[in-house]
Every structure is written in structure tokens, then in C-alpha cells.
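Comments concern the structure below.
All values below come from the heavy atoms of this structure, side chains included, with hydrogens, waters and symmetry mates left out.
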Protein chains: 2
Amino acid sequence: MRTVDPVRYAARRRNIVEAAGGCFARKGFDRTTTADICAAAGISSGSLFHYFPNKRAVFLAIFEQDGRDNAEQLALAVADADPWAGLLGLVDHLVRPLADPDSAGLVVELIAQAGRDPELAELVVRNDRELRAGIAALLSRAAEQGRIDDQVDPAQAAHWVLGLTDALFSRAGIDRDFDPLAELPTLRTILARYLGAVERIG
Amino acid sequence: MRTVDPVRYAARRRNIVEAAGGCFARKGFDRTTTADICAAAGISSGSLFHYFPNKRAVFLAIFEQDGRDNAEQLALAVADADPWAGLLGLVDHLVRPLADPDSAGLVVELIAQAGRDPELAELVVRNDRELRAGIAALLSRAAEQGRIDDQVDPAQAAHWVLGLTDALFSRAGIDRDFDPLAELPTLRTILARYLGAVERIG
DNA sequence: GTCTATAATAAGATAGAC
DNA sequence: GTCTATCTTATTATAGAC
């Protein structure tokens, strides 16, 4: 007779992951103690280590969920009949976390940690590579349809599409007066002018 | 009779700061131990704390030097008779650290730490604000001379000039196969197209 | 001014009761 | 499955000899 309710188990886990996300965003991975996470999640140390083998696993769990979300949104964008609309929709999705003021800090922390943790780096690079492949495919289709300048290399431009979204996270992380979502129209303008998107010209 | 040679003292300090920079870039601030710094600089714990009051002061010292370099290069750029050339020269200077593979990691670490350390944040924000003010002035002059689109808001565009350089650091931090300096010409192209720089059109 | 030795503290993870 | 209590280890910073 099993007493484990998998739904309850998953909910408890998610609760821990969310509480930990806030801690990591505010204090960083290394300065967040397991005691901080326990306090935020309203559980004891013993319980935390019942759900996760160590602190790092809690951090990883945040971005595993994120990777699944991204893959889903990427598939939607690539399936869009209009590749340019698909691209803009994807960009919107990628910058959405910026609505939460903690998120810029969490992304900066992710990149910082990924620089020293090969497993985390693998997670980040895989996600990045998938996004770039999808974006490059969208750009190729847009070029075929004459919607953007066909002189632009899709693979290289995909780097810059993500680079521009990175810039929003970075600027938001540096300057608390910078409103990243208010800059989204400008991001679209830069993208359109860089890629020679047809909307601008005619 | 003073036995302290200020030149020797400054050299020893700089040696520690440089050794520490490498450690911080590779392991991050929190995972770098004072013992790591001592080993890298070839000194003992007692000596380290003779030159710096604590670990954080070593980290700060790196970026104080950096801030002075930036201010100097900014003055040069603003003094340039050709504002567009001044801007491009400044951008070149800002991305120069990317020639050293450690530097992307160090910048990411700086931004991550600045999110939790008000004094460090103040240093970063002040430097950022000065750069943006200088860049906005260059853009205004370029617009007056008809070198760029005068519909672009200089203060806002200054954010994006720095955002594009941020993007190079961020991409280099995420993907070790990404060669940031090879992307510098593309950065200039994006900038020129975004700002409607005249070179492109005629 | 540089060293060795160590004090003081904090943190991750575990044991074992309930 | 959750808790309290605690073990173990690591780290910053200082004391004091040379």
C-alpha cells in the first residue's frame, strides 16, 4: 500500500524551487544558505534534503523547468506560418521573465554559475543552441519570403537576436531605473533595421 | 627615516589585484578563498591582510582601476572632432577586455555581485551613467552634423550602445565557441543601421 | 613587512526520533 | 515525511614571532 501522493510530492517540490528562486535571485547561489531556502519554503532542513540531494540540485531544478518552457515556445514560433511574427513572439516570450524584478538577478546568477559548473553550462548551452537553431530557421524562411535582407547570415544573426535580449537582462541588472519592458519596442526596431525587415521600408 | 617605498608598495598591491582577478574570474567571488588569492599571488595570508582589509576590498580594487581607465577613454572620445569616430573608438575600448578569455567571466561576476552589494552597485552605476552621458553627447553632436538619424533619442540610444557591448560579454560568457571580437564589425553594422548612420546610405 | 599558527564562526549535510 | 539536534568541514581574519 503506497502512501506517496505524486501530485502532492510534485507540488511540494515546486514550492521549494520557487522559494529558492527568490533567495538565489536576491543573494546569489553561494550566499543563499540551505537555511534561507528552508525558511522561505517554510520547511526544515531535514525536509529540504528529503526532496533534493543538495543545494545545487535545487538551483538546477529551476532552469530545467525553464528549458522545457523555452522548447515549447520555440516549437510554437517555428510552427507559425509567418516567420517574422514567430520571431517577434519568441522574443516576447524570452523577455517575459523581466516583468518579475527578481528575474534579471537570477539570469545573471545563472550565467555566472554556468561559467564554473560544467553540468549547468551544458544545460545553458544546449538551451541556447536550440534557440539559435530555431531562430536561424525562422530567419531563413523570412529571407526566402523577401521579408528580410537575404544578405544576413541566419546563424550569425541568431546570436544577435539572443544578444539583444541578453542586453535587456544585463541593463536591467545594472541599472534599477532602467525599465526593460518599456524598451521592447526599441529592441524590435533595432532588430528590424539590422535585418532590413520590409515593414520598415514599405 | 621612512623605509616604505611607495612604488614597491603599489607594485605589490597591483600584483595581488591581478592574481585575484584571475581567481575571481574562474571561481567567482564567493568560491575564491583568500587562500586561493595568496597562492596565486605567491604570498601568505598575513601579507594579504596587510595590503587589504578584507577579501571584498581586493575585488573592489579591480574595478576602481577599471573605472579610471574608462573615464580616461571617454574623455578622449568626447574630445574627438568626429563624434561618430569617437563613438566607435569608445566601443572598441569597451570590448577590448574580451581579448582576455577570463574577462567575460569577471564582468558577469561583477554584475552578479553588484546586485547584492550597494557599494559595488554604486561604482558600477556611476561608471555606467558617465559612459551614457558621454555617449549621448556624442550622439547629439553626430545628429547635429547630420551623420545619424536625428529622430533617435540620444539618452535612450546610449543605453543600447552599451547594451550591445553587454551582449558581447554575455554571449562570450554563455558560449565558449563564440568569438566576441570577430563580431565587432557586426556590432558596428547593427549600430549604424539602428542609428541611421550616413555611411550606410551613401 | 612577511610569515606560521590558530581563533572564531558559519555552512552543508546527516542521524535518528516521532 | 517531517522534525530537531548535531557532526564535519571550510573559511575569514587575527595574533604574534621573526
For this session: Answer with yes or no whether the side chains of B:Trp160 and A:Glu183 bring together a donor and an acceptor at under 3.5 Å.
Result: yes
Problem set entry | A:Leu139 to A:Leu195 - nearest heavy-atom pair and separation | CD2-CD1, 3.8 Å
Exercise. Rounded to the nearest Å, what distance is computed from the CG atom of residue B:Asn15 to the C1' atom of nucleotide C:dT2?
Worked result: 14 Å
For this session: Locate the shortest heavy-atom distance separating B:Phe29 from B:Lys55; write the atom from each residue and the value.
Result: O-NZ, 2.9 Å
Problem set entry | Nucleic acid contacts of residues 45-61 of chain B, taken as heavy-atom distances under 4.0 Å to DNA chain D | B:Ser45, B:Phe49, B:Asn54, B:Lys55
Exercise. Hey, what do you get for CG (B:Asp179) to NE2 (A:His159), rounding to the nearest 0.5 Å?
Worked result: 10.0 Å
For this session: Please name the pair of heavy atoms, one in A:Ile148 and one in A:Ala197, separated by the smallest distance, quoted to 0.1 Å.
Result: CG2-CA, 4.0 Å
Exercise. Any chance the side chains of A:Gln73 and A:Asp69 put a donor and an acceptor closer than 3.5 Å?
Worked result: no
For this session: Not counting sequence neighbours, list each pair that qualifies as a salt bridge (Lys or Arg N to Asp or Glu O under 4.0 Å) and has a residue in residues 97-113 of chain A.
Result: A:Arg26-A:Asp102, A:Glu109-B:Arg116
Problem set entry | Minimum heavy-atom distance between A:Ile37 and A:Phe24, given as atom pair plus value | CD1-CZ, 3.9 Å
Exercise. Which residues, if any, of residues 16-39 of chain B bring a heavy atom under 4.0 Å of DNA chain C?
Worked result: none
